[in-house]
Student: 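The structure under discussion is supplied below as C-alpha cells; questions concerning it will follow.
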Amino acid sequence: METIVTRFPPSPTGYLHVGGARTALFNWLYARQNNGKFVLRIEDTDTVRSTQASVDAIFEAMRWLELDWDEGPYFQTQRFDLYREYLQKLLDSGDAYYCICTQQEVEAMRQKAMAQGGKPKYDGRCRERGLPRSDNAVIRFKSPLAGTTVVEDVIKGNIVFQNTEQDDFVVSRSDGTPTYNFVVVVDDISMGINTVIRGDDHVMNTPKQILLYRALQSPLPVFGHVPMVLGKDKARLSKRHGAMSVTAYRDMGYLPDAFINYLARLGWSHGDQEFFTRQELVEKFSLKNIGKSAGVFDTDKLTALNADHIRATSVRQLAPRALPFFRDKGYDAADDDYLAGVIGTLHTRSKTLVEMADGAHFYYREDVRPYDDKAAKKFLKPETARVLALLAEQLGELDNLAEKTQEVAFKRVMDETGLGFGKIAQPVRVALTGTTVSPGIFELIEVLGKARVLARLRAAAEFIESTGK
RNA sequence: GGUCCCAUCGUCUAGUGGUUAGGACGCCGGCCUCUCACGCCGGUAACUCGGGUUCGAAUCCCGGUGGGAUCACCA
C-alpha cells in the first residue's frame with residue numbers, strides 16, 4: 001500500500017488560527033493513523049505580507065498542539081528554481097503561453113464581459129499568438145475550452161466544473177514569480193503529497209489544480225475539503241469573534257489535548273462519543289465521518305471538554321502545565337509535593353488552568369486577610385472566635401493533619417461547643433481561605449499543613465476579638 | 001450577478017426508508033452535601049419550506065428559500 005503523505009501549508013501572514021489548526025490536525029491525524037508522513041510547508045511567496053514572526057508563531061502553535069511534522073518545514077521562497085523548471089515543462093508541452101496583455105487590458109476585458117452579462121474572464125487573445133518570452137510577459141495556462149473537470153472529493157462527493165468557466169489563468173507573473181495555484185501543484189507533486197485535506201475555501205481552486213496535474217502528467221492526490229469554522233454569529237471566524245489565535249487558548253488555560261479533541265469533534269464525529277484522548281483520535285479518525293456543513297465554534301463546549309480533560313489528567317502531569325499559570329498570579333510556586341496537593345484539591349473544580357490558579361490563591365498567600373467583606377460579616381461573628389481558637393488548640397495537639405486524624409479534633413470541638421459540623425465549617429473556611437468558596441475543609445487543611453492552619457485560625461480569632469463586640 | 005457548496009434542538013452532532021428522532025454543551029429543576037464544584041436523576045428544545053417517489057420518508061428525486069465559499073499578475 002502506498003504511504004499516505006499529507007501536508008499543512010500555512011502562509012506566514014499572521015498567527016495560526018482556529019480554522020488552520022483544524023485542517024492541520026486533520027492532516028496530522030490522517031497521517032499518523034496510516035503510519036504516513038505529515039509535511040509542513042510554509043507558503044511565503046507573498047513576501048510583502050509574510051513575516052518571520054508569523055513563521056515562529058505558527059511553529060509555536062504547532063508545538064503546543066503537539067502536531068509534529070516528519071518533513072519540512074519547506075519554504076516556497078527557496079524553491080523558485082524548481083518552479084521555473086516546471087514552468088518550462090508547461091511551455092514546452094504547449095500547455096502554457098506568454099501573454100503580453102497589460103493588467104489594464106485584462107481588466108477591460110472583464111468589464112466588457114460583465115457588461116454583456118458574462119463572467120469576467122481573460123479572453124485568450126494571446127493564446128495562439130506563439131509569443132516569445134519577453135520582459136513583462138506573464139505566462140498563462142492553456143485551459144481546455146470544452147468538457148468538464150470533476151473533483152472527486154472524499155468528503156463532499158463529486159463536484160463537476162464546466163471547463164468553459166475557467167479562463168487561462170496566470171501561472172507566472174510579469175516579474176517572473178509563480179502564482180499560488182501553480183506552486184501548490186508543483187510542491188504537492190514534488191513532495192509526493194497524495195492526500196490533500198484543506199479548507200472549503202479552496203474548492204474553486206481545485207479544478208485549476210487538477211488541470212495542472214494533468215498537464216504535468218502527474219497522478220492526482222485524494223482531495224478532501226473540510227467545511228469552515230464559523231463564529232457565534234455564523235459568520236466566518238475573524239478577529240471580532242475574540243480569540244482566533246491558537247496560542248491564545250493556551251494562555252487561557254486550555255489543555256492541548258482538550259483543544260484538539262474539541263477541534264476534531266467540530267465537524268467530525270464518531271457516533272456519540274465526545275471525549276477522545278489524542279491516541280483515540282488517531283485511531284478513530286476517518287475522512288468519511290467529516291460532516292459537510294460549516295460548524296460554529298462554541299467556547300462553552302470547549303471549556304466543558306477542557307474540564308473533562310483536566311479531570312482525566314493525573315496531578316503529576318498537570319503540575320508542570322499548571323505551574324506557569326500559578327507563577328503568573330504571583331504565587332511562589334514550584335513543582336513540588338505542595339503543588340501536587342493543591343492541584344489535587346482543585347482538580348475537579350477547575351474548567352481551565354487559569355481557573356485553577358485563581359482557586360489556589362489562599363494556598364500561596366501567607367496571610368489570607370483581608371477577608372472577603374461579606375464572608376467575614378456573615379461567618380466571623382463574636383461567638384465563633386471561641387470555636388476557631390478551640391479548633392486551633394485541638395489541631396495543635398495532633399502530630400499531623402491528615403484528613404483522617406483531623407476527625408478527632410473536629411469531634412472534640414463539636415462536642416464541646418454543641419455545634420454541628422455545618423455550623424463550624426463556613427467560619428473555618430473563611431478563616432483559612434478568606435472566602436466562602438473553596439475545596440473541602442478536611443482536604444484543604446491537610447494540604448495547607450499545620451503551621452498555616454494554626455496561624456490562620458488564631459489570626460481569625462484575633463480578628464474577631466479586635467473588631468470588638 | 002456567475003459558478004460551487006451546505007441545510008436535524010440555541011450550538012456540536014447521531015441517524016443512511018419504518019426510531020417515543022438519540023447523545024453532548026448550554027439552560028432549568030432535584031438529589032448528594034461543610035461552601036463551590038464533581039457525580040447522579042429529571043426537564044427544555046430540532047428534522048428550512050413545497051412538491052413528488054413509496055404502503056411508509058429526517059433519510060431518495062425536483063423546485064423554492066436561507067446561509068456560505070469563490071470569481072486577481074493574494075494565498
Side-chain angles (χ1 to χ4, degrees), chain A residues 9-13 43-46 48-50 76 99 101-103 106-107 110 113-114 117-122 136 138-140 151 153 156-157 159-162 164-167 169-181 183-184 199-207 225 227-228 230 232 234-236 262 265-275 289 291-305 307-308 311 345-351 355 359 375 379 410 420-430 433 435-442 444:
Chain A
S11 53
T13 54
E43 310 215 321
D44 57 349
T45 54
D46 183 349
V48 184
R49 292 195 302 150
S50 297
Q76 291 185 322
C99 165
C101 298
T102 64
Q103 290 187 59
V106 175
E107 188 49 40
R110 293 206 180 90
M114 289 239 267
K119 27 240 148 221
K121 301 201 302 187
Y122 169 69
N136 285 312
V138 299
I139 299 176
R140 288 183 182 275
V151 178
D153 191 292
K156 286 182 182 296
I159 306 171
V160 180
F161 293 89
Q162 296 299 321
T164 48
E165 289 296 326
Q166 226 70 245
D167 66 355
F169 55 93
V170 172
V171 288
S172 175
R173 304 184 183 95
S174 51
D175 65 358
T177 57
T179 60
Y180 172 75
N181 282 120
V183 299
V184 164
D200 228 352
D201 48 341
H202 282 288
V203 279
M204 302 309 255
N205 288 325
T206 309
H225 291 93
M228 306 270 83
L230 274 25
K232 200 98 194 152
K234 296 212 171 195
R236 198 174 178 166
Y262 177 71
R265 266 304 269 108
L266 177 56
W268 169 82
S269 63
H270 186 265
D272 281 338
Q273 189 172 348
E274 300 282 349
F275 183 95
N289 285 322
K292 293 179 176 185
S293 51
V296 174
F297 189 89
D298 180 4
T299 309
D300 283 342
K301 187 141 187 179
L302 165 64
T303 303
L305 209 43
D308 288 342
R311 261 174 256 130
T345 68
L346 263 14
H347 212 199
T348 60
R349 279 168 242 269
S350 316
K351 291 182 162 66
E355 215 178 284
F379 296 109
F410 276 94
F421 186 70
K423 288 288 180 196
I424 66 180
Q426 280 306 71
V428 171
R429 171 167 284 114
V430 176
T433 72
T435 66
T436 53
V437 175
S438 83
I441 294 291
F442 302 128
L444 170 165

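Quick note on labels: first sequence line is chain A, next is B, and so on, each numbered from 1.
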Student: Give me the distance, rounded to whole Å, that separates B:G43 from B:A24 when you measure between the P atoms they each carry.
Tutor: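 Taking atom P in both B:G43 and B:A24, they lie 12 Å apart.
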Student: Contact class for A:S269 vs. all strands (heavy atom < 4.0 Å): base, sugar-phosphate, or nothing?
Tutor: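 Touches sugar-phosphate only.
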Student: Looking at every strand, decide which applies to A:G359 at a 4.0 Å heavy-atom threshold: base, sugar-phosphate, or nothing.
Tutor: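 Contact class for A:G359: none.
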Student: Provide the closest heavy-atom pair for A:D46 versus A:R49 in the form atom of the first, atom of the second, distance.
Tutor: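 Result for this residue pair: OD2-NE, 2.8 Å.
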Student: Check A:V296 against A:L266 and note the closest heavy-atom contact, atom names and distance.
Tutor: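 Nearest pair, atom of A:V296 first, then A:L266: O-CD1, 3.6 Å.
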Student: Strictly by Watson-Crick or wobble contacts shorter than 3.5 Å, is anything paired with B:U16, and which nucleotide is it?
Tutor: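 When the pairing criteria are applied, nothing turns out to pair with B:U16, so the answer is none.
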Student: Considering all heavy atoms of both residues, which atom of A:D200 and which atom of A:P227 are nearest to each other, and what is their separation?
Tutor: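 Distance-wise, the nearest heavy atoms are OD2-CA, 3.4 Å.
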Student: B:C25 pairs with which nucleotide, Watson-Crick or G-U wobble, both distances below 3.5 Å?
Tutor: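 By the stated definition (distances under 3.5 Å), B:G10 pairs with B:C25.
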Student: Which one is paired to B:G1, where only Watson-Crick or G-U wobble pairs with both distances under 3.5 angstrom count?
Tutor: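 Pair assignment: B:G1 / B:C71.
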Student: Can you give me the closest heavy-atom contact between A:P439 and A:L444, atom names plus distance?
Tutor: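 Closest approach of A:P439 to A:L444: O-CD1, 3.4 Å.
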Student: Starting at the 5' end of RNA chain B, which residue's closest nucleotide do you reach first, A:W268 or A:K292?
Tutor: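 First, find each residue's nearest nucleotide; the 5'-ward one identifies A:K292.
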Student: Which nucleotide, B:A75, B:A14, B:C6, lies nearest any side-chain atom of A:S293?
Tutor: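 The listed nucleotide nearest to A:S293's side chain is B:C6.
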Student: How close or far is atom P of B:G15 from atom NE2 of A:H270, stated in whole angstroms?
Tutor: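 The distance from NE2 of A:H270 to P of B:G15 comes to 11 Å, rounded to the nearest Å.
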Student: Ring of A:Y122, cation from A:R140 - is the NZ or CZ under 6.0 Å from the centre and inside 45° of the axis?
Tutor: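 Flagged: A:R140 positioned over aromatic ring of A:Y122.
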Student: Taking the six-membered ring for Trp and the full ring for Phe, Tyr or His, determine whether the centres of A:Y262 and A:F275 are under 6.0 Å apart.
Tutor: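 They do not qualify: ring centres at least 6.0 Å apart.
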Student: Considering only heavy atoms and no angle criterion, is a donor-acceptor pair shorter than 3.5 Å present between the side chain of A:Q273 and the base of B:G23?
Tutor: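 Counting by modelled atom types and ignoring angles, no donor-acceptor contact under 3.5 Å is found here.
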Student: Mind checking who B:A37 pairs with, Watson-Crick or G-U wobble, both distances under 3.5 Å?
Tutor: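 Base partner found: none.
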Student: Using every non-hydrogen atom in the two residues, find where A:I441 and A:A425 come nearest and quote the distance to one decimal.
Tutor: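 A:I441 and A:A425 have their closest heavy atoms at CD1-O, 3.6 Å.
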Student: Do the side-chain N or O atoms of A:T45 get closer than 4.0 angstrom to the phosphate oxygens (OP1, OP2) of B:A75?
Tutor: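 For B:A75, OP1/OP2 do have a side-chain N/O of A:T45 under 4.0 Å.
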Student: Using Watson-Crick or G-U wobble geometry with both distances below 3.5 Å, tell me the partner of B:G63, or none.
Tutor: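 Looking at the geometry, B:G63 pairs with B:C49.
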Student: Quick check against the 3.5 Å criterion: does A:T433 have a side-chain atom that pairs as donor or acceptor with the backbone of A:S438?
Tutor: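 The answer is no, because no donor-acceptor pair under 3.5 Å joins these two groups.
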Student: In whole angstrom, give me the gap between the C1' atoms of B:C27 and B:G10.
Tutor: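 Those two atoms are separated by 10 Å.
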Student: Can you find a donor-acceptor N/O pair under 3.5 angstrom joining the side chain of A:D300 to the base of B:G26?
Tutor: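 Counting by modelled atom types and ignoring angles, no donor-acceptor contact under 3.5 Å is found here.
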Student: Is it the case that the side chain of A:D153 and the backbone of A:H225 share a donor-acceptor pair, with hydrogens and angles ignored and the cut-off at 3.5 Å?
Tutor: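 Indeed, once roles are kept as given, a pair shorter than 3.5 Å links the two residues.
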Student: Can a salt bridge be assigned to the pair A:K121 and A:E165 using a cut-off of 4.0 Å between side-chain N and carboxylate O?
Tutor: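 No.
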Student: Report the distance from atom NZ of A:K301 to atom C1' of B:G26, rounded to the nearest whole Å.
Tutor: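 Checked: the NZ to C1' distance equals 10 Å.
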Student: If I take atom CG in residue A:N181 and atom P in nucleotide B:C73, what distance separates them, rounded to the nearest angstrom?
Tutor: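 So the CG-P distance, A:N181 to B:C73, works out to 11 Å.
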Student: Quote, to the nearest angstrom, the C1' distance that separates B:A45 from B:G23.
Tutor: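 Nearest-Å result for B:A45 against B:G23 at atom C1': 14 Å.
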Student: Between atom CZ in A:F275 and atom P in B:C25, what is the gap in whole Å?
Tutor: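 Answer to the nearest Å: 13 Å.
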Student: Starting the side chain at C-beta, find the nucleotide from B:G22, B:C5, B:C12 nearest to A:D272.
Tutor: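 Selected nucleotide: B:G22.
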Student: With C1' as the reference atom in both, quote the distance from B:A57 to B:U53 in angstrom, rounded to an integer.
Tutor: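 Result for the C1' pair: 10 Å, nearest Å.
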Student: Which part of the nucleic acid, if any, lies within contact of A:V160, taking any heavy atom under 4.0 Å across all strands shown: a base, the sugar-phosphate backbone alone, or nothing?
Tutor: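 Sugar-phosphate, no base atom in range.
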Student: Quick one: label A:E43 by what it contacts on the DNA or RNA (base, sugar-phosphate, nothing), any heavy atom closer than 4.0 Å.
Tutor: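 Sugar-phosphate contact only.
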Student: If we take the C1' atom in both B:G22 and B:C62, what is their distance in whole Å?
Tutor: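 The answer is 30 Å between these two C1' atoms.
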Student: Give me, pair by pair, the N or O atoms of the protein and of nucleotides 62-71 of chain B that are less than 3.5 Å apart, along with how far apart they are.
Tutor:
unit_1: B:U70; atom_1: OP1; unit_2: A:R236; atom_2: NH1; d: 3.1

Student: Using modelled atom types only, decide if a donor and an acceptor are shared between the side chain of A:S269 and the backbone of A:R265 within a distance under 3.5 Å.
Tutor: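 Side chain of A:S269 to backbone of A:R265, a donor-acceptor pair under 3.5 Å: no, none is there.
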Student: Check every strand shown and say whether A:C99 touches a base, only sugar-phosphate, or nothing at a heavy-atom separation below 4.0 Å.
Tutor: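 Answer is nothing: A:C99 stays at 4.0 Å or more from every strand.
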Student: Please report the distance separating the C1' of B:U8 from the corresponding atom of B:G1, rounded so that it comes out in whole Å.
Tutor: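 Nearest-Å result for B:U8 against B:G1 at atom C1': 32 Å.
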Student: Are A:F410 and A:F442, when compared by the centres of their aromatic rings, separated by less than 6.0 Å?
Tutor: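 For A:F410 and A:F442, the ring centres are under 6.0 Å apart.
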Student: What's the CG-C1' distance between A:D167 and B:G2, to the nearest Å?
Tutor: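 Taking CG of A:D167 and C1' of B:G2, I get 13 Å after rounding.
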Student: Write down the distance separating the P atoms in B:A37 and B:G26, rounded off to the nearest Å.
Tutor: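 Straight-line distance between the two P atoms is 12 Å.
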Student: Starting at NZ of A:K156 and ending at C1' of B:A7, how long is that distance when rounded to a whole Å?
Tutor: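 Rounding to the nearest Å, NZ of A:K156 and C1' of B:A7 are 12 Å apart.
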Student: Write down the distance separating the C1' atoms in B:G64 and B:A7, rounded off to the nearest Å.
Tutor: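 The answer is 14 Å between these two C1' atoms.
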Student: Over how many whole Å does the gap from A:D44 atom CG to B:A75 atom C1' extend?
Tutor: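 Atom CG in A:D44 sits about 11 Å away from atom C1' in B:A75.
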Student: Go along nucleotides 31-50 of chain B 5' to 3' and tag each nucleotide: B for a protein heavy atom under 4.0 Å from its base, S when only backbone or sugar atoms are that close, - otherwise.
Tutor: ---BBBBSS-----------
Student: Both A:T102 and A:Y262 contact RNA chain B. Taking the nearest nucleotide for each, which residue is further toward the 5' end?
Tutor: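 Nearest-nucleotide comparison on RNA chain B picks A:Y262.
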Student: What's the CD-C1' distance between A:Q166 and B:C4, to the nearest Å?
Tutor: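 The distance from CD of A:Q166 to C1' of B:C4 comes to 11 Å, rounded to the nearest Å.
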